[in-house]
Peer 1: 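My questions all concern the structure below.
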Protein chains: 2
Amino acid sequence: MRHASFDGAGGCYIEAALEVIADKWKGVILYHLLDEPKRFNELKRSFPELSHRILTRQLRELENDGVISRKIYPEIPPKVEYSLTDLGRLLKPTLLSLEGWGVKYVETTRYLRNCQLDKAE
Amino acid sequence: MRHASFDGAGGCYIEAALEVIADKWKGVILYHLLDEPKRFNELKRSFPELSHRILTRQLRELENDGVISRKIYPEIPPKVEYSLTDLGRLLKPTLLSLEGWGVKYVETTRYLRNCQLDKAE
DNA sequence: TGAACTAGTAACACTTGTGTTACTGGCGCA
DNA sequence: TGCGCCAGTAACACAAGTGTTACTAGTTCA
C-alpha cells in the first residue's frame, strides 16, 4: 500500500505524511514523545491497551521512517530510549493542529448526537 | 476499532482526528474539496486508481463524520455535489500543515535514500 | 529457588480496510 | 436497438493492520 514515489500532485504529500503518522497508535506515540524522550516500558505504561509486540512494531516503523531515534544504553537491565529526530520535531505544529481539530470534532459530534437524542425522544 | 468516547487524555483527540481523515484516500479527497465543491465523477477522474465503490464509501464515511455534505440536484442525469461542512473547513490549516511536513519528509527520505546508494556503491 | 524487571522476537489468528465485479434505472445519442 | 452517461448498491475476494501467546537472556529481589 505504500507509495514508491510522490510527485506532489493532488495532495500526494498529504498521503505521504499520513502514511507515516496515521497508524492506529503512531499519532499518540509521537504525541507522548513531543516534549521528552521516553523509555520503552514508560511508553507501554502510557497505553495499557497496547500490547508489547505492537508497540515494538510501531516504534520500529517510526524509526525506519526517520521520525524517531532509538538509543540503546549498554546497561543491565537494558535501557532503550526513544526520542524525536529533527524531522520528528517538525511534526509538532502538525500534531497540535490535529489535536485542536480533534477537540472541535468531538465537541461537534457530541452536539450532533445530543440533537439526535432530542429528536428521538 | 473506533473509540466510543474520548476523554482527551494522552493525545486522544489526535486519535479522534486521525480516525476521521486518515483512511487511505480521505486525506486526498478532503484536499481536493478544500477550495471548491466537486461532483462525484469529477472526484473520480482525479483519482484514476480509486474505484467507484471505494470513493462512494469514503465519501459516505466522511459525510457521516460531518466533515463533508452531499447535495443532490434532482436532475436527469443525476448531479451530486460534495463540499466541506463548517467542521470540514476547519481542517484546512491542519491539512496544509500535513502537506508541508509531507514535503519535508519526502525530501529527507529521498536524501537518506541517496546516502544509502552512495554507501552501497 | 522462583518471580519480576528490562527490551525484545517468532508464529499465528483475527479484524478491518481495500478492491473487483456485476448489477440498478432513466436519459441522450448513433 | 444498443451503447454510454450519471451516481450509485450488493456480494464477494484479498491484502494489510492489529492483537495474542509463547518464547529469549541477564539481573535483582524475596
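Sequence lines set the chain letters: A, B, ... in the order given, protein chains first and strands last, and positions in each chain run from 1.
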Peer 1: Mind calculating the distance between CD1 (I72(A)) and P (dG8(C)) to the nearest angstrom?
Peer 2: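 It is 7 Å, rounded to the nearest whole Å.
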Peer 1: Take atom NE2 of H52(B) and atom P of dT9(D), then tell me their distance rounded to the nearest Å.
Peer 2: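 Value for this atom pair: 9 Å.
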Peer 1: Check the phosphate of dT6(C) against K44(A), side-chain N and O only, distance under 4.0 Å to OP1 or OP2. Yes or no?
Peer 2: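 For dT6(C), OP1/OP2 do not have a side-chain N/O of K44(A) under 4.0 Å.
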Peer 1: Within the 4.0 Å heavy-atom criterion, would you say Q58(B) contacts the bases, only the backbone, or no part of the nucleic acid?
Peer 2: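 Contact class for Q58(B): sugar-phosphate only.
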Peer 1: I want to check one thing: is the phosphate of dT6(C), taken as OP1 and OP2, less than 4.0 Å away from some side-chain N or O of R39(A)?
Peer 2: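 Answer is no, no contact under 4.0 Å.
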Peer 1: Which residue lies toward the 5' end of DNA chain D, P77(A) or D23(A), if each is placed at its nearest nucleotide?
Peer 2: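 Per heavy-atom nearest nucleotide, the more 5' residue is D23(A).
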Peer 1: Select one nucleotide: of dG8(D), dA7(C), dT20(C), the one nearest the side-chain heavy atoms of F40(B).
Peer 2: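 Nearest nucleotide to the side chain: dG8(D).
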Peer 1: Between atom CZ in R57(B) and atom P in dT20(C), what is the gap in whole Å?
Peer 2: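 The answer, rounded to whole Å, is 13 Å.
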Peer 1: Does K24(B) place a side-chain N or O at less than 4.0 Å from the phosphate oxygens OP1/OP2 of dG19(C)?
Peer 2: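 So the side-chain polar atoms of K24(B) do come within 4.0 Å of the phosphate oxygens OP1 or OP2 of dG19(C), strictly under.
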Peer 1: Using OP1 and OP2 only, check whether a side-chain N or O of R45(B) sits under 4.0 Å from dC6(D).
Peer 2: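 Yes.
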Peer 1: Which part of the nucleic acid, if any, lies within contact of Y73(B), taking any heavy atom under 4.0 Å across all strands shown: a base, the sugar-phosphate backbone alone, or nothing?
Peer 2: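 Answer is nothing: Y73(B) stays at 4.0 Å or more from every strand.
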Peer 1: Whole angstrom is fine here: how far is it from CD in E49(A) over to C1' in dG19(D)?
Peer 2: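 To the nearest whole Å, that distance equals 12 Å.
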Peer 1: By the definition side-chain contact (heavy atoms from CB on, under 4.5 Å), identify the one residue from K92(B), E36(B), R89(B) that meets it with L84(B).
Peer 2: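 Only one of K92(B), E36(B), R89(B) forms a side-chain contact (heavy atoms from CB on, under 4.5 Å) with L84(B), namely R89(B).
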Peer 1: So which one's nearest nucleotide on DNA chain D is more toward 5', T56(B) or P78(B)?
Peer 2: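 It is P78(B), whose closest nucleotide lies nearer the 5' terminus.
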Peer 1: Atom CG of N41(A) to atom P of dC5(C): distance rounded to whole Å?
Peer 2: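 Taking atom P of dC5(C) as the reference, CG of N41(A) is at 9 Å.
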Peer 1: Measure from CH2 on W25(B) to P on dT16(C) and round the result to the nearest Å.
Peer 2: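 Going from W25(B) (CH2) to dT16(C) (P), I get 23 Å.
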Peer 1: Just how far, in rounded Å, is P of dT18(C) from CD1 of I29(B)?
Peer 2: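 Going from I29(B) (CD1) to dT18(C) (P), I get 10 Å.
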Peer 1: Could you state the CD-P distance from E75(A) to dT6(C), rounded to the nearest angstrom?
Peer 2: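 So the CD-P distance, E75(A) to dT6(C), works out to 13 Å.
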Peer 1: Given side chain to side chain contact (heavy atoms under 4.5 Å, CB included), test E81(B) with E42(B) step by step and report yes or no.
Peer 2: CA-CA 9 Å; E81(B) 220 175 51; E42(B) 213 173 340; over 6 Å; no
Peer 1: So E42(B), base contact, sugar-phosphate only, or nothing? Heavy-atom distance under 4.0 Å.
Peer 2: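 Since no nucleic acid heavy atom lies under 4.0 Å of E42(B), the category is nothing.
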Peer 1: Start with the C-alpha gap between L43(A) and L59(A), add the side-chain angles, then the distance that decides, and say whether side chain to side chain contact (heavy atoms under 4.5 Å, CB included) holds.
Peer 2: CA-CA 10 Å; L43(A) 284 168; L59(A) 287 170; 4.0 Å; yes
Peer 1: Begin with the C-alpha distance, continue with both residues' side-chain angles, and end with the deciding distance and a verdict on side chain to side chain contact (heavy atoms under 4.5 Å, CB included) for L98(B) and Y13(A).
Peer 2: CA-CA 8 Å; L98(B) 268 171; Y13(A) 289 121; over 6 Å; no
Peer 1: Mind checking whether F47(A) and H32(A) have parallel, tilted or perpendicular rings, split at 30° and 60°?
Peer 2: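 The rings of F47(A) and H32(A) stand perpendicular, inter-plane angle above 60°.
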Peer 1: When you measure from the side-chain N and O atoms of R53(B) to the phosphate of dA11(D), is any distance below 4.0 Å, counting only OP1 and OP2?
Peer 2: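 Checking dA11(D) against R53(B), no side-chain N or O comes under 4.0 Å of OP1 or OP2.
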